[in-house]
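First comes the structure, then the notes that go with it.
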Amino acid sequence: MKLKEKCCLRNIPDADFSTIYFPVATKTLNEILDSLDFSKRLPIARQFYPSLKENKHVPGFSDDPMGELKISGSTGLDFVHKYQDRLLVIASNQCPVLCRFCTRKRITFTGERRRDFPFEKLSLYMQKHLQIKEVIFSGGDPFMLPDGEIRKFMDECARFSHIKKLRFHSRALTLIPERFDEKLFLLFRDFHVQNPEIAISVVIHVNHPLEIGRKSLEVIRQFRECSIAVLSQTVLLRRVNDSDVVLGELFTTLDRSGVQPYYLHQLDRVSGSVHFEVPLETGKAIMKKLISTLPERMIPLYVLDGHEGKKQIL
Ligand code: SF4
């Protein structure tokens with residue numbers, strides 16, 4: 001079935017089917033959409049279905065909006081050392097879905113799974129940089145890797161006594177919760193027994209309350225049982241979640257599930273994503289409404305990422 005027919009079947013009228021600029025890879029997307037009522041599908045579908053608007057070239061938007069390829073001491077493809085005490089490792093180039101607004105399209109939209117991560121180079125870098133206290137595994141989604149490779153990353157870090165924290169960024173937890181099986185939790189429990197001094201956290205990427213299903217809640221519960229903190233990050237997206245009602249529901253659901261809402265990101269200005277951008281003033285107004293209605297613990301930091309790091313907007 002062609003993409004256009006699939007969109008019609010799923011009641012996605014505003015997708016205009018561009019595959020010219022970025023390819024489509026929506027392996028699990030249909031299942032997710034089929035689990036929702038027609039009326040509720042649009043905010044989810046818009047994040048993943050391509051649009052002709054992606055072909056629009058707008059000044060200020062680029063393929064590497066965070067300047068990751070230029071940061072000194074980083075390779076931009078393997079790891080990025082932007083903050084003194086944190087090292088961001090691009091552990092995987094794969095995700096369960098392809099977000100059309102992905103900051104690292106240059107990595108995640110490439111198709112084939114990358115299999116040649118330079119572990120030796122990473123070890124050497126960590127060995128030389130004693131100021132690194134936390135290693136963040138991102139990508140892509142590190143949970144798209146086989147268990148053995150996840151453990152290899154963790155063990156490499158545990159060799160260095162200056163590394164005190166490991167953090168995993170994940171979209172898989174909400175979109176393919178079945179990935180988090182007993183074997184994976186055994187791995188985490190075993191690592192904790194061997195390395196009790198290293199704190200682990202998982203930061204889930206979640207943009208809409210409908211993305212959190214029963215199975216995801218169960219995975220969150222299991223992580224917390226393993227003493228692993230679960231936090232969230234959300235991207236503010238036009239016609240997806242740019243309302244205090246939607247975000248209020250999202251942060252309330254997360255809070256009820258034991259997840260700390262951590263960051264609300266202003267969109268990174270990556271090529272092909274201008275139609276997702278919410279003006280800063282609108283974002284601030286939404287945040288002010290949230291601040292006036294929700295308890296402080298449910299309010300994430302509203303931030304803008306840039307070459308120099310994150311700036312808090314509100
Ligand atoms: S989940 Fe994150 S890394 Fe993966 S495609 Fe979406 S924005 Fe990019």
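Remember, it's 1-based here, ligands and their atoms both numbered in the order they're listed.
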Does any N, O or S atom of His205, backbone or side chain, fall under 2.8 Å from atom 6 (Fe) of ligand 1? no
Compute the centroid of each ring, for Phe168 and then for Phe223, and state whether the two points are separated by less than 6.0 Å. no
Do any of the N/O/S atoms of Cys95, backbone or side chain, fall under 2.8 Å from atom 8 (Fe) of ligand 1? no
Can you say whether the rings of Phe153 and Phe117 are parallel (under 30°), tilted (30 to 60°) or perpendicular (over 60°)? perpendicular
Look at the rings of His81 and Tyr125 and say which category their plane angle falls in: under 30° parallel, 30 to 60° tilted, over 60° perpendicular. perpendicular
Using a strict cut-off of less than 4.0 Å between a Lys/Arg side-chain nitrogen and an Asp/Glu carboxylate oxygen, indicate whether Glu211 and Arg171 qualify as a salt bridge.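 So Glu211 pairs with Arg171 through a salt bridge.
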Decide if atom CZ of Arg179 counts as having more than 12 heavy atoms of other residues, nucleotides or ligands within a radius under 6.0 Å.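 Atom CZ in Arg179 is packed in, count exceeds 12.
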Hey, is Val235 one of the residues with a heavy atom under 4.0 angstrom from ligand 1?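 No, Val235 has no heavy atoms under 4.0 Å from ligand 1.
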What atoms of ligand 1 come closer than 4.0 angstrom to any heavy atom of Val97?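 Answer for ligand 1: 5 (S).
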Tell me the nearest of Ser138, Cys102, Gly140, Cys99 to atom 6 (Fe) of ligand 1, using heavy-atom distances. Cys99
With a heavy-atom distance limit of 4.0 Å, tell me whether Thr103 approaches ligand 1 through its side chain, its backbone, both, or neither. neither
